[in-house]
Visitor: 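Take this structure first; my questions come after.
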Amino acid sequence: MSTARISPTAHATGFVWHRNGLSHPVLRTAPGAALYPFVAIADRVSAAIGGPTLEDTLLARHRLIDERLDSAIAAGRIGQVVEIAAGLSPRGLRVSERHGDAGVTYLEGDLPAMAARKRALLARAGGAATHRVVELDALAETGPRSLAAICREHLDAARGTAIVVEGLYSYFDRDAVSAMWQRAAAALAAFPHGLFLCDLYLEDEWDHVVGVRGFFAVLGVFARGRVHFQFADAAEAEAAARAAGFASAALLCPEPHHARRPGPVRILEATL
């Protein structure tokens, strides 16, 4: 399996964040603008039959992750963040702007081609010195692009650290996701406080959603592959996170202020 096939979704989601006021203009790409009309058409069809929209689902998960991360930084528990498979996420820019006085280190990790593109875009945006892009392969168990190596090389072992993953795990099966969670828990164990945030879709919650097959078919087309449900329900997902090495795990549900018509996306918040 490879994370490279997911790159088209980075452009589409980047455009969604930009059009909703969450991103910097430099992160609005031409491929994203070209893909968005297809997202909009699919969303109109889904909304017309009473189903969720992809745009609202993306916004709901993004805003809830933001809230939980901001809360942990403001409380002083987190001073460093690693965003895995960051793509065109604007979160690093926003965290650097909001928490610049706290000197929060923000690392965006992605495969070489996307990392190079993001590095050039952030240079145009004038990002903070504490906000950097590194080459990171979410599937690497060892080597210089592995999560463990990135944390050892770039982070301060004395500061609380968060790992954020958004929009990645739906494209991998349970075994692959469990292995990535284990690597995240092992990496965070080196720090005085560890926070892990990611989005999940639970099979039981989507079974009866109107238009669900079309919704994930569209998502699968953009990702150029199958979309997976790794866990049936919240209890199973939380148990899997604890089995991966986290001390606590909870599935959080977006509130109405996060978006109007999201599908039942959940955010896993796990700690060490």
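Throughout, residue positions are numbered sequentially from 1 according to the sequence presented.
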Visitor: Answer yes if Leu147 and Leu272 sit in the same cluster of Ile, Leu, Val, Met, Phe, Trp and Tyr residues linked by side chain heavy atoms under 4.5 Å apart, and no otherwise.
Guide: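 Yes, same cluster.
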Visitor: Under the side-chain hydrogen bond (donor to acceptor under 3.5 Å, both in side chains) test, which residues partner Ser23, sequence neighbours left out?
Guide: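 Ser23 satisfies side-chain hydrogen bond (donor to acceptor under 3.5 Å, both in side chains) with no other residue.
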Visitor: Hydrophobic cluster membership, with links at side-chain heavy-atom distances under 4.5 Å among I/L/V/M/F/W/Y: are Tyr169 and Leu197 in one?
Guide: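 Looking at the clustering, Leu197 is in a separate group from Tyr169.
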Visitor: Ala85 and Asp110: which non-hydrogen atoms are nearest, and at how many Å?
Guide: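 Ala85 and Asp110 have their closest heavy atoms at C-OD2, 3.5 Å.
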Visitor: Between Glu166 and Ser89, does any side-chain donor sit less than 3.5 Å from a side-chain acceptor?
Guide: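 Per modelled atom types, Glu166 and Ser89 side chains form no pair under 3.5 Å.
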Visitor: Could you tell me the separation between the SG atom of Cys198 and the CD1 atom of Ile163, rounded to the nearest 0.5 Å?
Guide: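 Rounded to the nearest 0.5 Å, the SG-CD1 separation comes out at 11.0 Å.
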Visitor: Closest approach of Thr57 and Gly263, non-hydrogen atoms and distance?
Guide: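 Distance-wise, the nearest heavy atoms are OG1-N, 2.8 Å.
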Visitor: Would you say Arg77's side chain and Gly160's backbone share a donor-acceptor pair under 3.5 angstrom?
Guide: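 Pair absent, no side-chain N/O of Arg77 close to backbone of Gly160.
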Visitor: The test is side chain to side chain donor-acceptor pair (under 3.5 Å); show your working for Glu67 and His257 and say whether it passes.
Guide: CA-CA 12 Å; Glu67 283 186 5; His257 68 275; 2.9 Å; yes
Visitor: Would you compute the distance between atom CG of Leu58 and atom CZ of Arg63 and round it to the nearest 0.5 angstrom?
Guide: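 Answer for the CG-CZ pair, Leu58 versus Arg63, is 11.0 Å.
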Visitor: Testing Asn20, Thr53, Thr13 for side chain to side chain contact (heavy atoms under 4.5 Å, CB included) with Leu59, which one passes?
Guide: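 Going through Asn20, Thr53, Thr13 one by one, the side chain to side chain contact (heavy atoms under 4.5 Å, CB included) with Leu59 is satisfied by Asn20 alone.
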Visitor: As an exercise, state the distance from CG of Leu252 to CG of Asp199, rounded to the nearest 0.5 Å.
Guide: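 Here the interatomic distance stands at 12.0 Å.
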Visitor: How would you list, by chain and number, every residue that makes a salt bridge (charged side-chain N to carboxylate O under 4.0 Å, His left out) with Arg98, sequence neighbours excluded?
Guide: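 Result, salt bridge (charged side-chain N to carboxylate O under 4.0 Å, His left out) vs Arg98: Asp70.
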Visitor: Take Gln80 and Thr161, measure what side chain to side chain donor-acceptor pair (under 3.5 Å) needs, and give me the verdict at the end.
Guide: CA-CA 5 Å; Gln80 304 174 128; Thr161 301; 2.8 Å; yes
Visitor: Among residues at least two apart in sequence or on other chains, which ones pass side-chain contact (heavy atoms from CB on, under 4.5 Å) with Asp204?
Guide: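 Listed in chain order: Asp207, Ala232, Asp233.
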Visitor: Measure the spacing between CG of Leu88 and CZ of Arg117 and express it to the nearest 0.5 Å.
Guide: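 Answer for the CG-CZ pair, Leu88 versus Arg117, is 7.0 Å.
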Visitor: I'd like to know if Leu139 and Val165 are part of one continuous hydrophobic network [Ile/Leu/Val/Met/Phe/Trp/Tyr, side-chain heavy atoms within less than 4.5 Å].
Guide: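 They do share one cluster, since a chain of ILVMFWY contacts under 4.5 Å joins Val165 to Leu139.
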Visitor: With rounding to the nearest 0.5 angstrom, report the CG to CD1 distance, Leu251 to Ile267.
Guide: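 Nearest 0.5 Å value for the CG-CD1 distance: 9.0 Å.
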Visitor: How would you list, by chain and number, every residue that makes a side-chain hydrogen bond (donor to acceptor under 3.5 Å, both in side chains) with Thr271, sequence neighbours excluded?
Guide: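 Thr271: side-chain hydrogen bond (donor to acceptor under 3.5 Å, both in side chains) contacts with Ser248.
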Visitor: Which atom pair, heavy atoms only, marks the closest approach of Pro254 to Leu64?
Guide: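 Looking at all heavy atoms of both residues, the shortest contact is N-CD2, 3.7 Å.
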Visitor: Rounded to the nearest 0.5 Å, what separation is found between the CG atom of Leu136 and the CE atom of Met114?
Guide: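 It comes to 14.0 Å.
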Visitor: Side chain to side chain contact (heavy atoms under 4.5 Å, CB included), that's the test. Do His62 and Val16 meet it? Break it down for me.
Guide: CA-CA 11 Å; His62 195 75; Val16 167; over 6 Å; no
Visitor: Can you pull the side chain to side chain donor-acceptor pair (under 3.5 Å) pairs that have at least one residue in residues 143-155, sequence neighbours excluded?
Guide: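 Sorted pair list: Glu135-Arg145.
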Visitor: For Gly87 versus Ala10, what's the shortest heavy-atom pair and its separation?
Guide: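 The answer is CA-CB, 4.1 Å.
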Visitor: Go through the structure and list residues passing salt bridge (charged side-chain N to carboxylate O under 4.0 Å, His left out) with Asp56, not counting sequence neighbours.
Guide: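 Testing Asp56 for salt bridge (charged side-chain N to carboxylate O under 4.0 Å, His left out), a comparison that skips the adjacent residues, returns none.
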Visitor: According to salt bridge (charged side-chain N to carboxylate O under 4.0 Å, His left out), who are the partners of Arg159, at least two apart in sequence or on a separate chain?
Guide: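 Testing Arg159 for salt bridge (charged side-chain N to carboxylate O under 4.0 Å, His left out), a comparison that skips the adjacent residues, returns none.
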Visitor: Same cluster or not: are Val164 and Ile150 linked, directly or through other Ile, Leu, Val, Met, Phe, Trp or Tyr residues, by side-chain heavy atoms under 4.5 angstrom apart?
Guide: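 No, no single cluster joins them.
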Visitor: Compile the donor-acceptor pairs under 3.5 Å between side chains in residues 174-196 and protein atoms, sequence neighbours left out, one pair per line.
Guide:
{"residue": "Arg174", "atom": "NH1", "partner": "Glu236", "partner atom": "OE2", "Å": "3.2"}
{"residue": "Ser178", "atom": "OG", "partner": "Arg174", "partner atom": "O", "Å": "3.0"}
{"residue": "Arg183", "atom": "NH2", "partner": "Ala138", "partner atom": "O", "Å": "3.1"}

Visitor: Just wondering, more than 12 heavy atoms not from Glu141 lying within 6.0 Å of its CD?
Guide: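 Check fails, neighbour count at 12 or below.
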Visitor: Suppose we screen for side-chain hydrogen bond (donor to acceptor under 3.5 Å, both in side chains). Which residues come up paired with Ser71, at least two apart in sequence or across chains?
Guide: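 Applying side-chain hydrogen bond (donor to acceptor under 3.5 Å, both in side chains) to Ser71 gives none.
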Visitor: Just jot down the salt bridge (charged side-chain N to carboxylate O under 4.0 Å, His left out) partners of Arg266, sequence neighbours excluded, or say none.
Guide: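 So Arg266 forms a salt bridge (charged side-chain N to carboxylate O under 4.0 Å, His left out) with Glu205.
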Visitor: Check step by step if side chain to side chain contact (heavy atoms under 4.5 Å, CB included) holds for Thr105 and Asp156.
Guide: CA-CA 9 Å; Thr105 296; Asp156 182 349; over 6 Å; no
Visitor: State yes or no: do Val133 and Val104 share one hydrophobic cluster built from I, L, V, M, F, W and Y residues joined by side-chain heavy-atom distances below 4.5 Å, directly or via other members?
Guide: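 As far as the 4.5 Å side-chain criterion goes, Val104 and Val133 are not connected within one cluster.
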Visitor: Output a table of donor-acceptor pairs, distance under 3.5 Å, between side-chain atoms of residues 25-35 and any protein atom two or more places apart or on a different chain; print 'none' if there are none.
Guide:
{"residue": "Thr29", "atom": "OG1", "partner": "His11", "partner atom": "ND1", "Å": "2.9"}
{"residue": "Thr29", "atom": "OG1", "partner": "Gly32", "partner atom": "N", "Å": "3.1"}

Visitor: Can you name the closest pair of heavy atoms from Leu202 and Ala234 and give their distance?
Guide: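 That would be CD1-N, 3.4 Å.
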Visitor: Checking salt bridge (charged side-chain N to carboxylate O under 4.0 Å, His left out) against Glu55, which of Arg260, Arg19, Arg44, Arg61 comes through?
Guide: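 Checked Arg260, Arg19, Arg44, Arg61 against Glu55; only one passes salt bridge (charged side-chain N to carboxylate O under 4.0 Å, His left out): Arg19.
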Visitor: Not counting sequence neighbours, list each pair that qualifies as a ring pair (Phe, Tyr, Trp, His ring centres under 6.0 Å) and has a residue in residues 88-139.
Guide: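 Counting only pairs at least two positions apart or across chains, the ring pair (Phe, Tyr, Trp, His ring centres under 6.0 Å) contacts touching residues 88-139 are Tyr106-His131.
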